[in-house]
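Letters A, B, ... mirror the listed sequences (proteins, then strands); counts begin at 1. Computation of the quantities below employed the complete heavy-atom set of this structure, encompassing side-chain atoms and omitting hydrogens, waters and symmetry-equivalent molecules.
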4 protein chains.
Amino acid sequence: MTEEKPLRADARRNRAKVLEAAEAVFAAKGTGAPTEEVAREAGVGIGTVFRHFPTKEALLEAVLYARLDRFVDEADTVVAQNAADAGAAFFTFLTSWIEMSSAKNAYFEALTTAGVNVLGPGSEIRDRLRASLGVLLKRAQDSGAVRADLTIAELIPVIIGTAKAAEHVGSDGALRDRTVAILFDGLRG
Amino acid sequence: MTEEKPLRADARRNRAKVLEAAEAVFAAKGTGAPTEEVAREAGVGIGTVFRHFPTKEALLEAVLYARLDRFVDEADTVVAQNAADAGAAFFTFLTSWIEMSSAKNAYFEALTTAGVNVLGPGSEIRDRLRASLGVLLKRAQDSGAVRADLTIAELIPVIIGTAKAAEHVGSDGALRDRTVAILFDGLRG
Amino acid sequence: MTEEKPLRADARRNRAKVLEAAEAVFAAKGTGAPTEEVAREAGVGIGTVFRHFPTKEALLEAVLYARLDRFVDEADTVVAQNAADAGAAFFTFLTSWIEMSSAKNAYFEALTTAGVNVLGPGSEIRDRLRASLGVLLKRAQDSGAVRADLTIAELIPVIIGTAKAAEHVGSDGALRDRTVAILFDGLRG
Amino acid sequence: MTEEKPLRADARRNRAKVLEAAEAVFAAKGTGAPTEEVAREAGVGIGTVFRHFPTKEALLEAVLYARLDRFVDEADTVVAQNAADAGAAFFTFLTSWIEMSSAKNAYFEALTTAGVNVLGPGSEIRDRLRASLGVLLKRAQDSGAVRADLTIAELIPVIIGTAKAAEHVGSDGALRDRTVAILFDGLRG
DNA sequence: AATGAATGAGGCTTCATTCAT
DNA sequence: GATGAATGAAGCCTCATTCAT
């Protein structure tokens, strides 16, 4: 339901172009931006967008999925590095995600409204997310850097909320850092 | 943009009905709900809606403004009560914001996308909010319940982010309470 | 489900214009003709068409309904006249209907394909149709002009088929008359 | 437009597969069914369909032509058999047309709307049809089973109209038979 | 002032047709 | 010759906004 048959090289290239364009366009103008604009940005015809993603909702879902996928990959990388300082690894990862996220957080919203739930029970990405994040969290808790009673179920909304707070601050970098720091203080051991 | 000429009694009544209906409809179906539905819910013709709020954006703004207005009133009440336990007063108030907030988030989103910033610099409501919140914060800090280095500039995004986190949790009340508690822990003295 | 609240005068006028235009356009270019063309022909905006008939299917259905309505009215008129020669009344009515129909018979087709069945069991128009046609048929049978074993259930498809035959002949009037006469011969007593 | 250059064996096979698939798909879902579905049903790429039939209209025409071709072959067979009972031969053949006709009607409709007239003057299939049918008719008239004044020019629309009537009856077999019988009565001597 | 019918730009989606592989 | 990805015109429908009643 996620990967079908191997696509021709050009088709895969176009699919990627569309996904990238969609991410940019929806981030900039909200998920209500017209599909046609995604097509223009991707440099393909609108028919191509719909060939790859048969509805706008499917496109939104794919964009969100791709974002989460990168998120999980990043988490996996950090996990693999097995940093000496587990607490630092944990907070550095969170921070990088939040920085990447600000200004781009409408996806959950749009999809929730549309009745889609990429993170719903049973979704593969959810399981991977929980696994990767779980390792980071566990290590950080074992090192004493993070409070022992924090669970993944709470961590995910905390991240989303913190990203939102950062986004709301806007361009004032120092203020944003302080705001994030305050919220992270709630996580410390 | 905030104070107008005195309306006829029936007109004022209609304006209120529309505002109330809009709040209900947009909360239930999102800000993308058709204006016509607001009119139906309010029991007036669509022309009347547009007479009072010349664009949909104006209507959205008015709804958000009304909500914030009530919120600030509430804050003022709390301030006036001069509660013995300043920390409790502070957190109770914050919690009430969070609780009635999920819907508000959608308005911020919609208006931000449209380029409107209701809480931006210079808005009267922002000033009032800052004033009331400032008093509550100051008292809570003086009582030692809240960290001394927290400023209003940080507090507002913190509240917004926490509200977002709560909204993301959805219907699981216990999980939501824990999530909010964690984030609030970052504020404590 | 057929008539709602009394429409404003201008609205009723527009509704009629649209219906008339739709009948003309669909007759000329088939039921696949774009709704926009109906709007242009009616001299209204496309929004007006959709205000009165919320889907294209509804428009098709309304056109068909209107046609059947006129058909039944006409039958009622003939019934009321109580012509001395019942056989002549019967065949004259059938002929006039067929002449009116040729070139315009795609409606049943289109609606059947679309899953609509205006003549399905329980439809009011069907009952009226059967009643009016039934009287004409009965009298013609009593007068001996029409075979006694003919039922309404057979008569309706016979009319439709005969209209189709007439339509297929095209512009050669004499040939059309002979063709219709031959088919009618099957009905005689 | 009827005879082409000799195709490679595999190409001819593909052409036949497409034609067969088209007949099945259009019969099942109407002539508006997407060409891509025909390709899928035929097990070929869509490019192949368009290589053999450069437009959808050409495909529709070919399908109808193939059907008529088989029909005429059948007529020729009946003619060759020189049946003892010429009347029975005539009506049996007509009935077989009616029975396999509901689908054909849709083709006529679609092509007529598009301005194509497969049975129009000058078409080879029309000439062959007239010839075969003419023999059957003549024999039936000579045997006294069919009225002497019936001409081919009238017979063809009569058949088409009767097929339409049968189609309109739908699935009630007994009613359909009675309806057809009534219309055929007009042809008898 | 209120009403609601009319408007039409704009969004999503389909599908016949073309063309690079 | 076959394939199927790409294309974009065109259709249906929605909805913010205007305006005659």
Side-chain angles (χ1 to χ4, degrees), chain A residues 5 7-15 18 32-37 39 42-59, chain B residues 7-15 32-40 43-59, chain C residues 5 7-15 18 32-37 39 42-59, chain D residues 7-11 14-15 32-40 43-59:
Chain A
K5 60 199 70 170
L7 286 167
R8 249 165 51 180
D10 57 343
R12 191 166 51 247
R13 214 158 27 237
N14 269 341
R15 202 192 123 97
V18 168
T35 311
E36 187 133 12
E37 193 157 333
V44 302
I46 186 146
T48 302
V49 176
F50 277 90
R51 159 170 279 267
H52 286 290
F53 308 97
T55 61
K56 187 177 184 180
E57 191 180 315
L59 177 57
Chain B
L7 289 165
R8 256 170 43 182
D10 58 342
R12 192 166 52 246
R13 218 158 24 236
N14 269 345
R15 203 193 122 96
T35 311
E36 186 128 16
E37 194 154 331
V38 172
R40 196 168 10 195
V44 302
I46 185 147
T48 303
V49 176
F50 276 89
R51 161 166 288 271
H52 286 290
F53 307 96
T55 63
K56 183 172 185 180
E57 193 182 310
L59 176 57
Chain C
K5 61 199 73 169
L7 287 166
R8 247 165 51 182
D10 57 342
R12 192 165 51 247
R13 216 160 23 239
N14 269 341
R15 203 192 122 96
V18 168
T35 311
E36 187 133 9
E37 193 157 333
V44 302
I46 186 146
T48 301
V49 176
F50 277 93
R51 161 171 277 268
H52 287 289
F53 308 97
T55 61
K56 186 176 184 181
E57 192 180 314
L59 176 56
Chain D
L7 289 165
R8 256 168 45 181
D10 60 340
N14 270 344
R15 204 193 121 97
T35 311
E36 186 128 16
E37 196 156 330
V38 172
R40 196 169 11 198
V44 302
I46 186 153
T48 302
V49 175
F50 275 88
R51 161 165 288 272
H52 286 291
F53 308 95
T55 64
K56 184 173 185 181
E57 192 182 311
L59 176 56

Between [X] ([atom1]) and [N] ([atom2]), how many Å, whole number?
X       : N      : atom1 : atom2 : result
A:Glu57 : E:dG11 : CD    : C1'   : 15 Å
B:Phe50 : E:dA5  : CZ    : C1'   : 14 Å
C:Glu37 : F:dA10 : CD    : P     : 13 Å

- Message: Does atom CD (C:Glu37) have a neighbourhood of more than 12 heavy atoms from anything else shown, all under 6.0 Å?
- Response: yes

- Would you say B:Phe50 and B:Thr35 make side-chain contact, with heavy atoms under 4.5 Å? yes

- Task: For C:Lys56 and for B:Pro34, locate the closest nucleotide of DNA chain F by heavy-atom distance; then report the residue assigned to the nucleotide nearer the 5' terminus.
- Result: C:Lys56

- Pair pattern of DNA chain E in dot-bracket, where unpaired bases get dots and | marks partners in another strand, Watson-Crick or G-U under 3.5 angstrom: .||||||||||||||||||||

- Looking only at heavy atoms, which two atoms of D:Asn14 and D:His52 are closest? And how far apart? CB-NE2, 3.9 Å

Set out, line by line, the N/O atom pairs under 3.5 Å between protein and nucleotides 6-9 of chain F.
| from | atom 1 | to | atom 2 | distance (Å) |
| --- | --- | --- | --- | --- |
| F:dA6 | OP1 | A:Asn14 | ND2 | 2.2 |
| F:dA6 | OP2 | A:His52 | NE2 | 2.9 |
| F:dT7 | OP2 | A:Gly45 | N | 2.7 |
| F:dT7 | OP2 | A:Thr48 | OG1 | 2.5 |
| F:dG8 | N7 | A:Gly47 | N | 3.2 |

- Query: If only side-chain N and O atoms of B:Thr35 are considered, is one of them under 4.0 Å from the OP1 or OP2 phosphate oxygen of F:dC15?
  - Reply: no

- Note on the structure: Across all chains, not counting sequence neighbours, the side chain to side chain contact (heavy atoms under 4.5 Å, CB included) partners of D:Phe53 are D:Arg15, D:Val18, D:Leu19, D:Ala58, D:Leu59, D:Ala62

- Task: Taking only the side-chain heavy atoms of A:Thr55 (C-beta and beyond), determine which of E:dC12, E:dT13, F:dT17 contains the nearest atom.
- Result: E:dT13

